[in-house]
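Both ligands and their constituent atoms are indexed starting at 1 by order of listing.
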Amino acid sequence: MGTQTSQRLFDRARTVIPGGVNSPVRAFDSVGGVPRFIAAGEGAELVDADGNRYLDLVNSWGPLLFGHVRDEVRRAAVDAIGRGSSFGAPTEGEVALAEAIVDAVPSVEKVRLVNSGTEAGMSAIRLARGATGRSKLLKFVGHYHGHSDALLVAAGSGVATLGIPGSPGVTDGAAADTVLVPWNDREAVAAAVAAHGDDLAAILCEPVPANMNLVPPAEGFLAFLREQADASGAVLVFDEVISGFRVARGGAQELHGVTPDITVLGKVVGGGFPLAAFGGRADVMDHLAPAGPVYQAGTLSGNPVAVAAGLAQLRLLDDAVYARLDEVTTRLVDGLRKAFAEAGVGAQVTRHATLAGVLFADTSPTRYEDVAAADHARYARFFHGMLDRGIYLAPSGYEVLFTSTALTDADVDRAVAAAAEVAAAL
Ligand SMILES: *Cc1c(COP(=O)(O)O)cnc(C)c1O
């Protein structure tokens, strides 16, 4: 397979863009090799600048539940842009999207639209602090909530891939109010809540952590966090940027029956456009300006094209979609497990609802350290073996597999057959 065009573009990119990319993981640093520059997406496939085709198991890191260029989403975006790209004034589409989110996500009574998951997470913690008058945040090691200062502490995939603990440029002050706790560790949560309870503004988590590979919540752990938040008066924030509309239409909170106070949404909600949201209980959300004093704003927030695309995608979400995603995930996970077992390769194919992760480790991960200790060099070899066979996986062992309904059974079987070949040579 030729990669000359991607190589040439990457060389050009590196002279004008730091590291040649606009988001670090795209540079293939942890797996090596030439990042593929993408020319187009077609259904379940990506086409790179050299004309190579790949079955896409990243789907833009989650947004594309239906794969690329789903017709309803494309038409909604094209129609919207014909009426104008941005107004900086309210539109009916924003109301319809807010209504669709409130309808789908159990805990959300009111919601505000923003442009990225980072912005949504950052705004959610400001709201939690403003609403409680408290300052500290309890955050889990390895959970990612975007790259804002207070949340970029032990933040999983992106920073872990680069081997840096947080980031230069984040002051001690900005990180000082973030209390770190290991995931799935009740004693540690209880101890942190006991130590900081009176000043704890929020308990924040990815309810289905998917930025440190996939490390599902232990039985009852989310309900335990709800209890701890209630006992301390902290706001419970679920970052459902990945899990929202993916593990179920109503996200992890629907799947697990645990209701947070604030929910952070991104990825799927924007249908592949820059759109994210945070929402929750009306009395909490009404602390936001102009209803209340907590300031938050955005020139392009609720952008009409992004809103139209996001709404079009949300309107397609019915039981049949999740049944199909579940089937695809089952077929892929079962196939991969069999492929690794037959090759005698020690691998964990972790699965939670419609999310899955491949980790080269001997035991199933329960916290960040388990993922960090896995064989990431082996993942890099697996990644390249798959890429050579036309299967596009996330270029880091800290990430997960994102399926779409565009994948046919034959597509999944092709991915599994490739994995069996690659596993035999690992
Ligand atoms: C992707 C992600 C974010 C950040 O969203 P961006 O749109 O990349 O800023 C936040 N939280 C989680 C759980 C994510 O996976």
Does a donor on one side chain sit under 3.5 Å from an acceptor on the other, for [X] and [Y]?
| X | Y | value |
| --- | --- | --- |
| E399 | S396 | no |
| D239 | H143 | no |
| S135 | D199 | yes |
| T263 | Q253 | yes |

Does E45 pair with R53 as a salt bridge, N-O distance under 4.0 Å?
-> yes

Any salt bridge between R249 and D103, counting N to O under 4.0 Å?
-> yes

Indicate whether atom 7 (O) of ligand 1 is within a distance of less than 4.0 angstrom of some protein heavy atom.
->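 Within 4.0 Å of atom 7 (O) of ligand 1, protein heavy atoms are found.
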
Quick one: look at [X] and ligand 1, take heavy-atom pairs under 4.0 Å, and tell me if it's side chain, backbone, both or neither.
| X | value |
| --- | --- |
| K267 | side chain |
| H145 | backbone |
| V264 | neither |

Hey, does E119 sit under 4.0 Å from ligand 1 if you only count heavy atoms?
-> no

Return the residue, atom name and 0.1 Å-rounded distance of the protein heavy atom closest to [atom].
| atom | result |
| --- | --- |
| atom 11 (N) of ligand 1 | D239 OD2, 2.7 Å |
| atom 12 (C) of ligand 1 | Y144 O, 3.3 Å |
| atom 5 (O) of ligand 1 | G117 CA, 3.1 Å |

Those atoms of ligand 1 less than 4.0 Å from some heavy atom in [X]:
| X | value |
| --- | --- |
| I242 | 15 (O) |
| E206 | 13 (C) |
| S116 | 7 (O), 9 (O) |
| N211 | 12 (C), 13 (C), 14 (C), 15 (O) |
| T118 | 4 (C), 5 (O), 6 (P), 9 (O) |

Nearest-0.5 Å distance that lies between atom CG in D370 and atom OG in S364 |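 OG of S364 is found 8.0 Å from CG of D370.
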
Mind checking whether Y379 and F360 have parallel, tilted or perpendicular rings, split at 30° and 60°?
->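 It falls in the tilted class, 30° to 60°.
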
Partner of L265 under side-chain contact (heavy atoms from CB on, under 4.5 Å), picked from V105, L275, L113, V241, is V105

